[in-house]
Protein chains: 4
Amino acid sequence: MHCGVYTSDMTSASSSPAHAPATQDGDPRRLRAAVVGASGYAGGETLRLLAGHPEIEVATVTAHSSAGKLLSEVAPHIDLGHDPVLQETSVETLRGHDVVVLALPHGQSGTIAAALRAEDPDVLVLDLGADHRLESAEDWAEYYRSEHSGTWTYGMPELPLADGTKQRDHLVGAREIAVPGCNATAVSLALAPLLRAGLLDASRLGAVLPVGYSGAGRAAKQHLLFSEASGTASPYAVGGSHRHVPEVLQNLRRATGQDGQLLTFTPVLVPMSRGILAVCTAPVPGGTSTADLLGALQADYADEHFVTVLPEGVFPSTGEVTGANTLRIGAAVDRHSGQATVISALDNLVKGTAGAAIQSLNLALGLPEITGLTRTALAP
Amino acid sequence: MHCGVYTSDMTSASSSPAHAPATQDGDPRRLRAAVVGASGYAGGETLRLLAGHPEIEVATVTAHSSAGKLLSEVAPHIDLGHDPVLQETSVETLRGHDVVVLALPHGQSGTIAAALRAEDPDVLVLDLGADHRLESAEDWAEYYRSEHSGTWTYGMPELPLADGTKQRDHLVGAREIAVPGCNATAVSLALAPLLRAGLLDASRLGAVLPVGYSGAGRAAKQHLLFSEASGTASPYAVGGSHRHVPEVLQNLRRATGQDGQLLTFTPVLVPMSRGILAVCTAPVPGGTSTADLLGALQADYADEHFVTVLPEGVFPSTGEVTGANTLRIGAAVDRHSGQATVISALDNLVKGTAGAAIQSLNLALGLPEITGLTRTALAP
Amino acid sequence: MHCGVYTSDMTSASSSPAHAPATQDGDPRRLRAAVVGASGYAGGETLRLLAGHPEIEVATVTAHSSAGKLLSEVAPHIDLGHDPVLQETSVETLRGHDVVVLALPHGQSGTIAAALRAEDPDVLVLDLGADHRLESAEDWAEYYRSEHSGTWTYGMPELPLADGTKQRDHLVGAREIAVPGCNATAVSLALAPLLRAGLLDASRLGAVLPVGYSGAGRAAKQHLLFSEASGTASPYAVGGSHRHVPEVLQNLRRATGQDGQLLTFTPVLVPMSRGILAVCTAPVPGGTSTADLLGALQADYADEHFVTVLPEGVFPSTGEVTGANTLRIGAAVDRHSGQATVISALDNLVKGTAGAAIQSLNLALGLPEITGLTRTALAP
Amino acid sequence: MHCGVYTSDMTSASSSPAHAPATQDGDPRRLRAAVVGASGYAGGETLRLLAGHPEIEVATVTAHSSAGKLLSEVAPHIDLGHDPVLQETSVETLRGHDVVVLALPHGQSGTIAAALRAEDPDVLVLDLGADHRLESAEDWAEYYRSEHSGTWTYGMPELPLADGTKQRDHLVGAREIAVPGCNATAVSLALAPLLRAGLLDASRLGAVLPVGYSGAGRAAKQHLLFSEASGTASPYAVGGSHRHVPEVLQNLRRATGQDGQLLTFTPVLVPMSRGILAVCTAPVPGGTSTADLLGALQADYADEHFVTVLPEGVFPSTGEVTGANTLRIGAAVDRHSGQATVISALDNLVKGTAGAAIQSLNLALGLPEITGLTRTALAP
């Protein structure tokens, strides 16, 4: 489960001879972007958002087994103003862009990124996959069972840090950005302010996440079929094996300056295409009130454009954020058990992936952070 | 959210003049049943199961605002072999049956049950509503804000009790049965054996339950509309207000002989009609293994026909139990956090409501416990 | 079934004393709009689109039973930049706007529109309901069983007319616009060019339309519940009683300059929130090819921004147009039967309702026709 | 789209060395069945029904790539009382059964069936695939592009024949049964009585069929993914290429004794797992009333247990027949267009596939026709 990044169509990056890029006569004042893995859900969502971004032009789209097709054949819902041919993914096709967005299976971003950077140290590369998120090579080895590619600047602008700043500051001017995992975003932003405020028992963190199917990507797998998924709630990665666990813990360490957090994490596939609802629980110190929880969340997020802390008694639904770059959070102290329940909702393909990428891209390039993004969702 | 019992069509029991019951020429050897609230989901599911029950004949069906309609108009999926007219709910229409199943909104079962019993002390009455589940009048008052109607025999045969018996023993020969709440069944049966075995920290119990919409009943309410529900995961009763909380705690007390359990309970409506997936968590003593958890579950359920403990590494999905009277459980100790995750799945309308009623009815009447029930589900 | 316009919350327009409009400090250069019936699906979708419209500011929102609530309580997915209180619907609250969008149940637009116009002959009023669509008072009486309110300019810019012009020309400068019915748009735009080209037997027109639930509005009705709708395809208005039939026939008469069209029209509710797929059939003259059909469609639509004629062998799905103001059409001549199958897809709330309203509004006010609208859809 | 028969797991029948059949100690009085292709939807549904069939014991289950797995791993919803290992599909594993049900991709049934018959001329073989449905080798070649395997007895008991009998009569004692296509059943049974009564223009038959995804089988294909399917209606096989077209026409010829029928046939995938709603249209002779249509349907079906003709003004939904072996039909003459609309609903996996197989099996073996089948559906 990978926030929609991976598709069967992207099993290897090609080094085949270059084809001429399918550019149009672009506006010279707009930045030129390439989207790698454009036939998958994360790549497609990136294109959807870039289609409405006033400062960026999509000059090149690439894929693997779909290379040679028109974009309209694999993503008929996208209108870029032109209908480019999907190119093979290679240094040649990706050369000469201001921005390259990689939506590749994990393990494939490192090589192509290094090659692009060697040619043009100024190119901005965003990795929607997991390769460059983790700082710890040990964590990487344990959860991904491959060699670590290194650590890029983490694309979660709103993450509060132990030194009182936000992760946003690190993104300004960055040229290598690791876009966070969708579940990791939902859980990290829900818990970080409360841990920072000392309101949660960090050793007893729990998160159960009803999630939609687009997070599992577009590759054809039997358990993702409509008939298999319809009418059922299916847990997976039970018992601590989900790859977003070390990413969440890394975020919580950075937010608090402390380690030792323990998280029990259970995603549950439910019959919807998009959306993550992270239901997080933890014991609170005696006397902690719901107002205390909400106050701590507001302390970190009151000024954030894309994070909304809901009033007492109100909790978010994923349907409120479909298509929007918004994360909404509600919290309560249970009246009997004395535990906190903190619930966050986001669209895994937007705030969880492609929207976070655009937001980080805006910061990196000095554009207004909200350019091309919206807080208004599609409902019903 | 009431396991499908309530419908707008059943807002009051009628005492209007009796209509002649819509009986067919029944087999004299079969028991005669009346289903009250037949136009709702719980009533309809009771009819679906009774339609295949070899020892019971549905002699009478009643409703409130749908009274006067044919059953085929409100439940075209049911084939009883005849198409009865829905009667008004009254002592007159319900007189003369061996079994009366009440699928009424809470607060309405007490009066009609008392009147039926006064006439015929041998009639078996099953209440699919909440009225007679709780032993504590205080709990009732706190959660239901009305006067307590008393406590009936609790219809959860598999519940292990502190004295080493099962709740089953209490159901043999019973004449007043309180059918459990659907969420309460999912959580209680998942946690009780582990608490009995001392494998969970009873003060740190958590349960997050993706649930389907039929549990909310058939009454027309805006938040239950398809367009509202499709594509969204919506938490409700966050913070301890769900009415099944005291019912679960009562069950856990009876299973362990101890009190003091604390439960953080969060149901989440997800876009499916049927199904409850209870994702339960709690800290475990150091050194506890997944095998220990599964062993404790097997110790209580190995001989149960309708409860299946899954092998290590396997967890249930609700789609595996749709239409079946089965509860399936899997468990794991998290490899990092040292908490247990215990997951159970059931069909809220079958094992969670109408199937539990039939199973209890079989026990009460001395029929084989599995009569008219199945472990085979409808999938996909 | 009314394209999402109607909600239980809007059963009567109020004449209660005015409340102060919930305006923000608006940009004086932007036009001020009021949306009446903002708590329903059509009203909400109008707000969603206006939230992204650069020339219009939403100054006032009104409702009936939800009056007094914040917009965020009934439409948490909308971000207008402020959170207005829903006003009562009255001449007082609606006074002083440049644009008033009425999303009211049929029969309620006439009075309020007349009162607004009497005060300010320059105000642009758009009626998303049916009241002002039909030219024939007889048709109105037959299908709506109430008094006819008159006929406004029909808001379907792309409709080709018998004189060789488009309906667009009539919308420039209009001040009273009747927004078309959603199903009527899907069928009329699919059939009109082919009838104009003489390629269909007008006496044998058929249309079967799988449609989503949002078209039925937001009022709580039992048959619209998630549990009722999930997993079922349900036909309605079978046999010619759907209110969009006379509207389609009126459009076809205007497109061809002829009458005598006969249409067999069957909508089928299927489990999705949005979308209409109109599968239209009719006999064709001997020798007619698929290329002939597509050529006739291109003849009328090649220059249209929001209507796409697909290549031979390609047919639209509703998922390709969710949230977009696009209608997509494919066509084929059946290789055995010699009938044409023409299939169009649109989002009933956008191109079928609110998007058509914005498009017409742009034309009426002299703005670029595509302002605030998009051809890119949300998928998956 | 193949009514759920095909799965990627069944791409070739194996001739590898035999494994010992996974039999249990069976009741010697029960017939022994083998189900080939048990890991697909059609095979699984056959098992679901046989699990409740009192006269048949499932002795052997086979698959291709899933061979070696337990049944509970590929179909956890099935309870046969034992948990057999899936065998390779071979003459050896299939030898010695009274009944063999083949749920294989088309083109694979002929060889294995011939081999089984050569050994045991008394074995009953049912083919859920298409191989033996068509009488015309030309039709087969045109639609399936492979060599014709011959024609078996067609398993549609209720089909009225031109000589006044029913297809049922041909099934008594049959040993080779071709189970009909699911869409073909829905359309053929809806149209045949009306054509026989001379009430439809046979040259202008139309059918648009919203269908669920299980009909497309369990093989992993991108367009069948939940995220692709959710929220969209997708037509396919537009223009006459669907393989059920020649099957319907063959049925209509047999029912009427005439040829020359022309059918425009368009299936539309809609977001549900099960169900076919066939919306059929055709011109009627002047003066034909709805009562005439319903009368003709009743003339053929009044005595049928599994076909229900609905009263005037009532039309079926697929949700009414989920899991049941029922086909429900409603009809109307359009008040304006003078065309008939005839709508039938069935569950593609039951009445459309596995239920039809069991019903035919019962007839072939001299069991009561309804054994192991139900008219009660699962709803909601």
Side-chain angles (χ1 to χ4, degrees), chain C residues 203-206 208-212 225-236 238-241 245 249 262-266 268-277 279 281 283 290 313 315-320 322 330-341 343 345 379-380, chain D residues 203-206 208-212 225-236 238-241 245 249 262-266 268-277 279 281 283 290 313 315-320 322 330-341 343 345 379-380:
Chain C
S203 70
R204 297 282 186 229
L205 305 173
V208 178
L209 301 93
V211 300
L225 293 179
F226 183 88
S227 296
E228 300 289 309
S230 179
T232 194
S234 299
Y236 68 97
V238 182
S241 61
V245 171
L249 296 177
L262 292 174
L263 172 66
T264 307
F265 181 97
T266 310
V268 180
L269 281 163
V270 299
M272 55 192 196
S273 285
R274 291 177 180 236
I276 294 172
L277 190 85
V279 181
T281 52
T290 294
F315 297 89
S317 297
T318 62
E320 299 165 5
T322 306
V333 174
D334 190 280
R335 59 179 177 169
H336 295 296
S337 75
Q339 295 220 21
T341 302
I343 304 182
Chain D
S203 70
R204 297 282 186 231
L205 305 173
V208 178
L209 301 93
V211 302
L225 293 179
F226 183 88
S227 296
E228 299 289 310
S230 179
T232 193
S234 299
Y236 67 98
V238 182
S241 61
V245 170
L249 296 177
L262 292 174
L263 172 66
T264 307
F265 180 96
T266 311
V268 180
L269 281 163
V270 299
M272 56 191 196
S273 286
R274 293 177 178 235
I276 293 172
L277 191 84
V279 181
T281 51
T290 294
F315 297 89
S317 297
T318 63
E320 298 165 5
T322 305
V333 174
D334 190 281
R335 60 178 176 171
H336 295 296
S337 75
Q339 294 220 24
T341 303
I343 304 182

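Numbered from 1 within each chain, the chains take letters A, B, ... in sequence-line order.
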**OP:** Give, as side chain, backbone, both or neither, the part of D:Arg274 having an atom under 4.5 angstrom from any heavy atom of chain C.
**Re:** backbone
Subject >> Engaged part of C:Leu277 at the chain D interface, taking heavy atoms whose separation is under 4.5 Å >> reply: side chain
Subject >> Which atoms of C:Ser241 approach chain D - backbone, side chain, both or neither, heavy atom under 4.5 Å >> reply: both
Heavy-atom pairs under 4.5 Å with chain D: which of [options] has the most?
options	value
C:Leu205, C:Asp334, C:Ile343	C:Asp334
C:Ala331, C:Pro380, C:Ser337	C:Ser337
C:Leu262, C:Leu225, C:Thr264, C:Val270	C:Thr264
C:Met272, C:Arg204, C:Arg335	C:Arg335
C:Ala340, C:Gly319, C:Gly239, C:Ala379	C:Gly239
C:Thr322, C:Val333, C:Leu263	C:Leu263

**OP:** For D:Thr318 and D:Ala345, indicate whether the former's side chain and the latter's backbone hold a donor-acceptor pair under 3.5 Å.
**Re:** no
Original post:
By side-chain contact (heavy atoms from CB on, under 4.5 Å), which residues pair with D:Ser230, not counting sequence neighbours?
Top reply: A:Ser273, D:Phe226
**OP:** Could you pull out all residues at least two apart from C:Glu320 that satisfy side-chain contact (heavy atoms from CB on, under 4.5 Å)?
**Re:** A:Pro76, C:Pro316, C:Ser317, C:Arg328
Among [options], which residue has the highest count of heavy-atom pairs closer than 4.5 Å to chain C?
options	value
D:Val245, D:Thr290, D:Val268, D:Thr232	D:Thr232
D:Ser227, D:Ala332, D:Gly338	D:Ser227
D:Pro283, D:Gly313, D:Gly212, D:Gly330	D:Pro283
D:Gly206, D:Ser234, D:Ala233	D:Ala233

Original post:
Do D:Val211 and D:Tyr236 have side chains that get closer than 4.5 Å, going by heavy atoms?
Top reply: yes
Subject >> Separation of C:Phe265 CZ from D:Thr281 OG1 (nearest 0.5 Å) >> reply: 13.5 Å
